[in-house]
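Below is one structure; the comments refer to it alone.
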Protein chains: 2
Amino acid sequence: MTLSFLTRNRSVLIYGASLAVLLLLMKWLEWHFIIIDHAFELYAGALAIIFTLLGIWLALKLTRPKTNTVIVEKEVIVKTAHFILNEKELQKLGLSKREMEVLQLMAEGLSNHEIAERLFVSLNTIKTHSSKVFEKLEVNRRTQAIDKAKKLNLIP
Amino acid sequence: MTLSFLTRNRSVLIYGASLAVLLLLMKWLEWHFIIIDHAFELYAGALAIIFTLLGIWLALKLTRPKTNTVIVEKEVIVKTAHFILNEKELQKLGLSKREMEVLQLMAEGLSNHEIAERLFVSLNTIKTHSSKVFEKLEVNRRTQAIDKAKKLNLIP
DNA sequence: TTTAAAATCACCCTAAAGTATGAGCCTAAA
DNA sequence: TTTAGGCTCATACTTTAGGGTGATTTTAAA
C-alpha cells in the first residue's frame, strides 16, 4: 500500500523534494544576495520562473489523457465478380438439389452436425449426402469437394 | 493582424499581465515584510505557490488536450476482380510463412498427411501448424479457415 | 547476449469425417 | 402400377482432424 502510494504519486513526491531543495537554495542565497544589486529581484524572478516551470511540468504530468473516439474506415476487399452457376456442369455431374445444399453449407465451413441441424435432418443423412457429393465430384474429402465445386462454378 | 495576435495569444498576455501585477505586489510587500518575522520566507513561499499555480494554468491553457485515440473500424467494401493478397490483414492476424503454406494446401483440398508429405515434415508438425492457423483465424475447422481466408483475401 | 518467435516433432485423447451397407418412404415418369 | 431417383435414417467401422501439452532447435530481433 505504501509502495503503491509511492509509485502512483511519484510526481507529487518529486515536486515536494524539489521544493525542499529550493528552500535550502533560498537559505543559501540569503547569505549572498546582500552583495549584489537588485539581488532580491533576481531571486524573486528566479523563483517565479522555476516555480512556473514546475507548475507546467506538474500539470503535464498529472493531466489525464482524454479519450476520443476516431472512426477509421477500413477497406474490406470483396470479390464482386458475381457468381454464375455453371448449369451444364451441374447437369453433367448429376448433383441433386439436396446435395447442392449440403455442398454449399460445407463450403461455408459448417460441420456435418451443423448442416444436419440447419436442414432439420439427421447427421447420418448428411453423411449420406456428402458421400454422394464426393462420389459425383470424384473426390474423397470435403475440402477437395469445395475446391472443385468452386473451380467448376457450382458454388460461389 | 494585431487583433488576431491578441486573441490567439490571449493566454500569454494574461500571463504577462499577471506577472506585472505580481511584481507590483512584490514591491508593495517589500514595504511591509520588515515588520513580520520570517516575512521573506512567507513571501518566497507565496511566490512559489502562485507561480506554480500560474504554471499549471499556463500548461493547461496552452497544451491541447492529450488524446488517447480509440480506433473504431468501420468497414467499407471495396471491389476487386483478381486476387491481391491482403497484407494488412495478414500482418494483423500474424500468420507465419509456414502457416500460410499449410493454409493454401488445405484450401487445395489436401489432407494433413498429404500436406506433410508435400512439405517434407511430419504429420504432427502439420497438425501444429493448422492448429495455429485456426487459432489465429479464430475458427475450429479447416473448412471455416479456408472460407474465412478466402473472404479476407489471404488466399485466392 | 539475451529474448522472442518460428518451426519442428511427439503423445494422448476426443470429435468429426468418411466408407459400406441396408432399408423405408415419397414422387414423378414410364 | 411398377420403377427409378431422391431423400431419409441406421449401424458399424475406419480414417482423419482437432485439442492440449510439452519439448527441442533454428532463426531473427533487440
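What you see is a predicted model; the values in this text were computed from it and never measured.
Between A:Asp147 and B:Ala107, the shortest heavy-atom contact is OD1-O, 3.5 Å.
Dashed line: the shortest gap from a side-chain N or O of B:Arg141 to OP1 or OP2 of D:dG18 is not under 4.0 Å.
One interatomic measurement links the two molecules: CD of B:Glu114 to P of D:dT15, which rounds to 15 Å at whole-angstrom precision. As a whole-Å value, the separation of B:Ile126 CD1 from D:dT15 P is 21 Å. For A:His113 and D:dG18, the NE2 to P distance is 17 Å, given to the nearest whole Å. Following rounding to the nearest Å, A:Leu93 (CG) and D:dG6 (P) show an atom-to-atom distance of 13 Å.
You'll find the side chain of B:Asn153 stays beyond 4.5 Å of the side chain of B:Leu85, heavy atoms only. At a threshold of 4.5 Å between non-hydrogen side-chain atoms, the residues B:Gln144 and B:Phe134 do not count as touching. Taking the side chain as every heavy atom from C-beta outward, A:Thr143 and B:Met106 never approach each other to under 4.5 Å.
Using a 4.0 Å cut-off between charged nitrogen and carboxylate oxygen, A:Glu135 and A:Lys132 do not count as a salt-bridge pair.
Listed for the A:Glu114 side chain is a donor-acceptor partner under 3.5 Å among the backbone atoms of A:Ser111.
A heavy-atom distance below 4.0 Å to DNA chain D is reached by these residues of residues 130-140 of chain B, ordered by number: B:Phe134, B:Asn140.
With sequence neighbours excluded, the residues that form a salt bridge (Lys or Arg N to Asp or Glu O under 4.0 Å) with A:Lys136 are A:Glu99.
In the hydrophobic clustering of this structure, B:Leu119 groups with B:Leu110; members are Ile, Leu, Val, Met, Phe, Trp, Tyr whose side-chain heavy atoms approach within less than 4.5 Å, directly or through other members.
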Restricting to nitrogen or oxygen on both sides, can you table the protein-nucleotides 7-12 of chain D pairs closer than 3.5 Å?
from, atom 1, to, atom 2, distance (Å)
D:dC7, OP1, A:Arg98, N, 3.4
D:dC7, OP2, A:Ser96, OG, 2.2
D:dT8, OP1, A:Arg98, NE, 3.2
D:dT8, OP1, A:Arg98, NH2, 2.8
D:dT8, OP2, A:Arg98, NE, 2.9
D:dT8, OP2, A:His129, NE2, 2.8
D:dC9, OP2, A:Ser122, N, 2.6
D:dC9, OP2, A:Thr125, OG1, 2.9
D:dC9, O5', A:Thr125, OG1, 3.4
D:dC9, N4, A:Thr128, OG1, 3.1

